[in-house]
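Below is one structure, written out as structure tokens; comments come after it.
Quick caveat: nothing in here was measured; it's all calculated off a predicted structure. Scope of the values below: all heavy atoms of this structure, side chains included, with no hydrogens, waters or symmetry mates. For ligands, and for the atoms within them, numbers begin at 1 and follow the listed sequence.
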Amino acid sequence: MNISKEVLDAYGIKKPQTPYGNGHINDTYISGDYIIQRINTSVFKEPEKLMSNIIKITGHMRARLEKEGRDAERGTLCVVFTKDNKSFFKASDSKYYRVCRLIKNSVSYDTVTPELLYKAAYGFGDFQRLLSDFDGKKLYETIPDFHNTPKRYENLAAAYSADICSRGARDDVKREMEYINSLSNELGVVADALEKGSIPCRVTHNDTKINNVLFDRESNEFLAVIDLDTVMPGSLLYDFGDAFRSSCNLAAEDEKDLSLVGLNLENAEAFIKGFMRSAGAFITENEKALLPFSVKLIAVELGMRFLTDYLEGDTYFKISRKDHNLERARCQLEFARKVDENIAILSKMVEAYSLQ
Ligand code: ADP
Ligand code: GN1
Ligand code: MG
């Protein structure tokens with residue numbers, strides 16, 4: 001579906017638009033120096049609040065980047081306002097659009113080398129630092145309970161028992177349900193630690209997939225963490241776990257052949273080294289102890305989300321083939337098993353790079 005004239009007119013955009021990027025949620029287009037996005041309002045139910053968050057966060061980050069003498073233009077998103085000074089446009093068919101300045105000469109990757117990952121991981125840690133003095137109370141919760149893993153489990157259990165698409169009886173679904181059920185004691189670990197206060201609640205990104213990082217197209221230097229729709233109060237462990245699971249799997253996120261799924265140890269080491277170099281200065285001992293486990297937790301959480309969507313008829317994540325969400329779920333859950341086998345190795349890496 002193309003972008004209609006009324007949307008382009010609201011922004012005074014004239015150049016042709018081409019679909020852009022590999023996001024699973026919004027529809028993204030490039031047009032000259034602009035990125036135009038149709039906001040997915042079944043996922044983000046209150047676009048006004050979403051955009052208010054993004055304006056606040058990017059304003060804060062821009063000011064800090066400028067103060068530190070860094071390139072604020074390419075270091076965070078810049079929302080473009082409509083001709084009548086709104087941060088989004090509601091079209092006559094009730095769909096919502098927003099425009100950001102294109103971060104020029106940038107590129108995002110679905111898979112990365114250890115060299116790139118080291119820089120991205122440093123960037124993820126630095127993203128937390130840049131928001132460390134931002135008051136989380138100023139933010140709306142764009143998706144309630146986004147990383148509430150026990151709640152994600154409840155949703156999956158409900159979808160499995162309702163089985164509205166008659167997809168739950170397959171052996172591969174049953175196998176994954178058995179694995180997930182066997183983890184019920186672990187699913188609340190981070191949520192409980194936040195609740196008790198044994199780990200801090202910070203302002204976190206919450207969707208640190210590796211393709212939400214932009215690099216310079218020529219030098220491959222880290223530029224920015226983008227896709228700020230889910231920035232909300234949360235745990236640093238969510239950001240670490242999601243970034244790690246999306247960059248340290250030997251296989252793609254939706255690999256069908258589970259024998260290819262495994263932990264990329266070279267990437268894991270580069271990731272931990274980069275993250276600890278920036279976050280090592282402020283991470284607490286309790287958070288540090290949970291870093292390896294957070295990878296398993298986020299992989300299981302995402303596996304449960306994909307499986308729920310499969311059982312409910314693929315209404316949340318964009319799919320490009322039949323059974324895509326089931327394949328994604330199986331791959332994430334297999335990755336969780338592989339991470340579990342390697343927790344001790346990952347803990348040693350965390351210790352080794354705590355001393356940088
Ligand atoms: P989704 O929520 O669907 O994942 P994103 O905001 O992550 O959407 O955008 C999809 C892709 O578009 C990103 O992975 C990135 O490659 C590209 N992109 C988004 N915004 C910009 C921008 N301002 N400058 C350059 N590239 C961008
Ligand atoms: C979605 O928007 P995108 O593609 O960066 C999802 C993440 C998942 C990811 C899995 C708002 O991220 O939570 O981890 O897909 N974003 C939302 O690929 O649900
Ligand atoms: Mg994205």
Side-chain angles (χ1 to χ4, degrees), residues 17-45 47 50-51 53-54 58 73-80 96-112 120 141-149 152 155 204-217 223-232 234 238-239 241-247 249 252-255 295 297-309 314-320 324-325 327-329 331-332 335:
Q17 308 91 53
T18 320
Y20 198 62
N22 283 337
H24 291 347
I25 303 295
N26 298 307
D27 295 326
T28 304
Y29 299 81
I30 185 169
S31 167
D33 289 347
Y34 300 109
I35 290 284
I36 309 172
Q37 289 183 308
R38 188 181 300 110
I39 302 174
N40 182 333
T41 43
S42 11
V43 170
F44 299 106
K45 302 202 185 311
L50 171 79
M51 292 312 293
N53 278 2
I54 293 180
T58 52
E73 289 283 304
R74 299 175 83 206
T76 191
L77 292 176
C78 178
V79 175
V80 177
Y96 284 77
Y97 294 81
R98 64 159 170 236
V99 172
C100 285
R101 268 195 224 150
L102 174 76
I103 299 189
K104 284 191 197 151
N105 213 16
S106 66
V107 61
S108 66
Y109 300 104
D110 292 320
T111 50
V112 279
E141 205 178 1
T142 48
I143 305 183
D145 292 318
F146 191 61
H147 281 302
N148 184 337
T149 319
R152 296 288 189 182
N155 295 345
T204 47
H205 183 284
N206 298 306
D207 187 2
T208 48
K209 185 157 81 172
I210 195 66
N211 71 9
N212 287 328
V213 170
L214 294 184
F215 297 91
D216 185 286
R217 199 177 273 278
L223 293 175
V225 182
I226 60 162
D227 200 347
L228 304 176
D229 296 334
T230 49
V231 176
M232 289 178 282
Y238 303 146
D239 285 3
D242 199 28
F244 189 114
R245 71 101 208 139
S246 66
S247 60
N249 190 339
E253 185 177 76
D254 56 357
E255 178 56 59
V295 180
L297 184 77
I298 292 295
V300 171
E301 183 187 276
L302 184 59
M304 294 196 297
R305 293 174 60 201
F306 284 143
L307 191 53
T308 307
D309 200 27
D314 308 309
T315 59
Y316 186 96
F317 296 102
K318 288 185 200 169
I319 53 164
S320 43
H324 202 170
N325 274 318
E327 287 156 10
R328 286 167 169 158
C331 177
Q332 293 310 302
F335 185 65

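Looking at N26 next to ligand 1, an N or O pair under 3.5 Å apart turns up. Distances between N or O atoms of D229 and those of ligand 1 include no value under 3.5 Å. Between D227 and ligand 1, at least one pair of N/O atoms sits closer than 3.5 Å.
Among I35, T230, D207, V99, the residue whose heavy atom lies closest to atom 22 (C) of ligand 1 is I35. Considering G23, G21, S106 only, the shortest heavy-atom separation from atom 25 (C) of ligand 1 involves S106.
The atom of D227 that is an N, O or S and sits closest to the Mg ion (ligand 3) is OD2.
Ligand 2 has R305 within reach: a non-hydrogen atom of the residue lies less than 4.0 Å from it. Using a 4.0 angstrom heavy-atom cutoff, K209 does not count as in contact with ligand 1. The shortest separation from a heavy atom of Q37 to ligand 1 is under 4.0 Å, placing the residue in contact.
Metal site remark for the Mg ion (ligand 3): D207 contributes no N, O or S atom at a distance under 2.8 Å. Not a single N, O or S atom of N26, from either the backbone or the side chain, sits less than 2.8 Å from the Mg ion (ligand 3).
In terms of protein heavy atoms, atom 17 (C) of ligand 2 is closest to Y316 OH, 3.4 Å.
Contacts between T28 and ligand 1 below 4.0 angstrom, taking non-hydrogen atoms only, involve the side chain exclusively. Residue-level proximity to ligand 2 for F44 is carried by the side chain, the only part with a heavy atom below 4.0 angstrom.
No side-chain donor from either of N155 and R152 sits under 3.5 Å from a side-chain acceptor of the other.
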